[in-house]
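Notes for the one structure printed next.
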Amino acid sequence: MTRQLHAAIAGAGIGGLAAAIALARAGLRVTLLERAPMIEEAGAGLQLAPNACGVLRDMGLLERVEHFATQPELLRIRRARDGAELSRLKLAAAAEARWGAPYLVVHRADLQRVLVEACAGERAVSLRAGLNVTGFAVGKTGVEIGARAGGDIVRVDADFLIGADGLKSVVRERIGLGLADKPVWSGRAAWRALVRGADAPPFALAPETNLWLGKQAHLVHYPLRKGELVNVVAIAEDPWRAQGADDLWSIASEPADISPRFANWAPEARALVGAAQEWRRWPLFDRDPVQRWRGDRVALLGDAAHPMLPFFAQGAAQAIEDAAALGAAFTRRGDDVNAALEAYQNARTARAGAVVIASRKQGAIYHMSGPMGFARDAVMRRLGAGRTMQRLDWLYRRPTEK
Ligand SMILES: Cc1cc2nc3c(=O)[nH]c(=O)nc-3n(C[C@H](O)[C@H](O)[C@H](O)COP(=O)(O)OP(=O)(O)OC[C@H]3O[C@@H](n4cnc5c(N)ncnc54)[C@H](O)[C@@H]3O)c2cc1C
């Protein structure tokens, strides 16, 4: 009988949790090491694109996610200054028919809850919260992970380590991708808010994802939890980069910082921005794509591997795709750890890198102004829904379905 492999995963965000489920289903034992003292309700809304929903369906989790999620009927793109509609894509049944899985929006905490419950349902997964991974040492037969728990130093032994520890990954730093491998600041920030449905202007409660394009800024909003909340994300050029801030989720921002940026926008957009009381501000970083996500008995996953700008709303979706690919690699490669990690890396780097680059380009397109903005609006109108949807096929169809 072959020995059951033991995986340690640094980070229990969406990527780490999904990877734990996928590895457990591939027959491995998994220990998740999370620096936060508990997996808390965090963050705001997430768009879950069809490529992510397809993976969740394969994992048997889609129905549970759908229980909490909203399925928008439309993606509506508007011009900021007057609210004129530039394009509308039919989602719901049309998305499912075209891309093989639904397009959903969900509160991040609800998705996290589904993933945590699924981990709890796997006897092979254990979650150790309050452990801050500080480094690792690779030996002939395994990896020794060092972590801090309050004032104590803790050691965890495993056959391999997955670094799912986010943008500022300690595991990535230790793999040694060179001095040039640093987060790249975009010069933009995202402000996020959840508006109570009762306080939101009625148009914002329609089951739609709305994207407003303005001068060097854009706005995205959609209802969550059956209209109990409206998720609002405002993205604008911003010189502030919050260097050194560890917890990028928790930087509060005053409404007065945001409202002036939307002063020349259509009244509907201003009403929604004005209805938000509590904003979080988030400097936006990505990294240049790399071909190597692994070392001996170690590999990266999710934002640790391919942090991206949120303009295609794909960061979590790509982390979920990574998790499925990692599980599949171990299913195929059995207990040859490095062969499985190599297969995982080969399956994922090109696709995730392409999404990083496409997200950068999308940001530039969204923020065009003057004649360029005028031309962009004209192209969007001319393309129409059919061709715009076609342009998303590479992204929303899962790679295996191509
Ligand atoms: C404004 C904005 C909007 C977005 N919208 C979308 C969207 O609509 N759809 C979408 O798919 N994506 C979206 N994203 C991207 C998405 O949020 C991320 O890509 C995704 O959360 C990455 O998940 P992750 O698990 O890889 O990393 P993270 O969520 O960063 O999780 C990392 C985990 O590791 C833990 N950790 C960190 N260091 C250590 C350590 N040393 N030891 C132990 N634990 C550690 C952290 O506490 C955390 O729990 C958005 C991002 C932004 C900024």
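Counting starts at 1 for both ligands and their atoms, in listed order. What's counted below: heavy atoms across the whole structure, side chains too, no hydrogens, waters or symmetry copies.
Considering backbone and side-chain N/O atoms, G166 never comes within less than 3.5 Å of an N/O atom of ligand 1. By the 3.5 Å distance cut-off applied to N or O atoms, A319 is not counted among the residues near ligand 1. Ligand 1 has a nitrogen or oxygen under 3.5 angstrom from a nitrogen or oxygen of V133. For ligand 1, the polar-atom distance check finds no N/O of W282 at less than 3.5 Å from any of the ligand's N/O atoms. Remark: ligand 1 and A36 share no N or O pair separated by less than 3.5 Å (distance only, no angle test). Distances between N or O atoms of Y222 and those of ligand 1 include no value under 3.5 Å.
With atom 23 (O) of ligand 1 as the reference point, the heavy atom nearest to it among G15, A164, G302 is part of G15. Ranked by closest heavy atom to atom 26 (O) of ligand 1, the top entry among L309, D303, V105 is D303. Residue nearest to atom 39 (C) of ligand 1, selected from V170, T209, D165, L300: D165 (by heavy-atom distance).
Here is the list of ligand 1 atoms found below 4.0 Å of a heavy atom in A190: 1 (C). Contact atoms of ligand 1 toward L33: 43 (C), 44 (N) (distance under 4.0 Å to a heavy atom of the residue). Those atoms of ligand 1 with a heavy atom of P310 less than 4.0 angstrom away are 2 (C), 3 (C), 4 (C), 50 (C), 51 (C), 52 (C). In summary, the atoms of ligand 1 found under 4.0 Å from a heavy atom of N132, numbered by their order in the structure, are 40 (C), 41 (N), 42 (N). The L131 neighbourhood of ligand 1 comprises atoms 42 (N), 43 (C), with distances under 4.0 Å to a heavy atom of that residue.
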N/O donor-acceptor pairs under 3.5 Å from side chains in residues 326-341, not counting sequence neighbours:
residue : atom : partner : partner atom : Å
T331    : OG1  : G327    : O            : 2.9
D336    : OD1  : A339    : N            : 3.3
N338    : OD1  : R294    : NH1          : 3.3
N338    : OD1  : R297    : N            : 2.9
N338    : ND2  : D296    : OD1          : 2.6

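R225 has a carboxylate O that lies under 4.0 Å from a charged side-chain N of D110, or vice versa, which qualifies the two as a salt bridge. With respect to R35 and D165, no salt bridge is recorded, no charged nitrogen being found less than 4.0 Å from a carboxylate O. Remark: R398 engages D58 in a salt bridge, criterion side-chain N to carboxylate O under 4.0 Å. The pair R391-D393 does not meet the salt-bridge criterion, since no charged nitrogen lies less than 4.0 angstrom from a carboxylate oxygen. Of the charged side-chain nitrogens involved, none lies within less than 4.0 Å of a carboxylate oxygen, so that E208 and R88 do not count as a salt-bridged pair. Between E85 and R78 there is no salt bridge, since none of the side-chain N atoms of the basic residue sits less than 4.0 Å from a carboxylate O of the acidic one.
When the ring pair (Phe, Tyr, Trp, His ring centres under 6.0 Å) test is applied to W293, the partners found at least two apart in sequence or on another chain are H306, Y344.
Residue contacts with ligand 1 include R108, since one of its heavy atoms falls under 4.0 Å from the ligand.
Of the listed residues (L48, T209, L392), just one forms a side chain to side chain contact (heavy atoms under 4.5 Å, CB included) with Y103, and that residue is T209.
Contacts between R192 and ligand 1, counted as non-hydrogen atom pairs separated by less than 4.0 Å, involve the side chain only. Contacts between Q314 and ligand 1, counted as non-hydrogen atom pairs separated by less than 4.0 Å, involve the backbone only.
Aromatic ring centres of H6 and F160 lie farther apart than the 6.0 Å criterion allows.
Not a single donor-acceptor pair under 3.5 Å links the side chain of R64 to the backbone N or O of A118.
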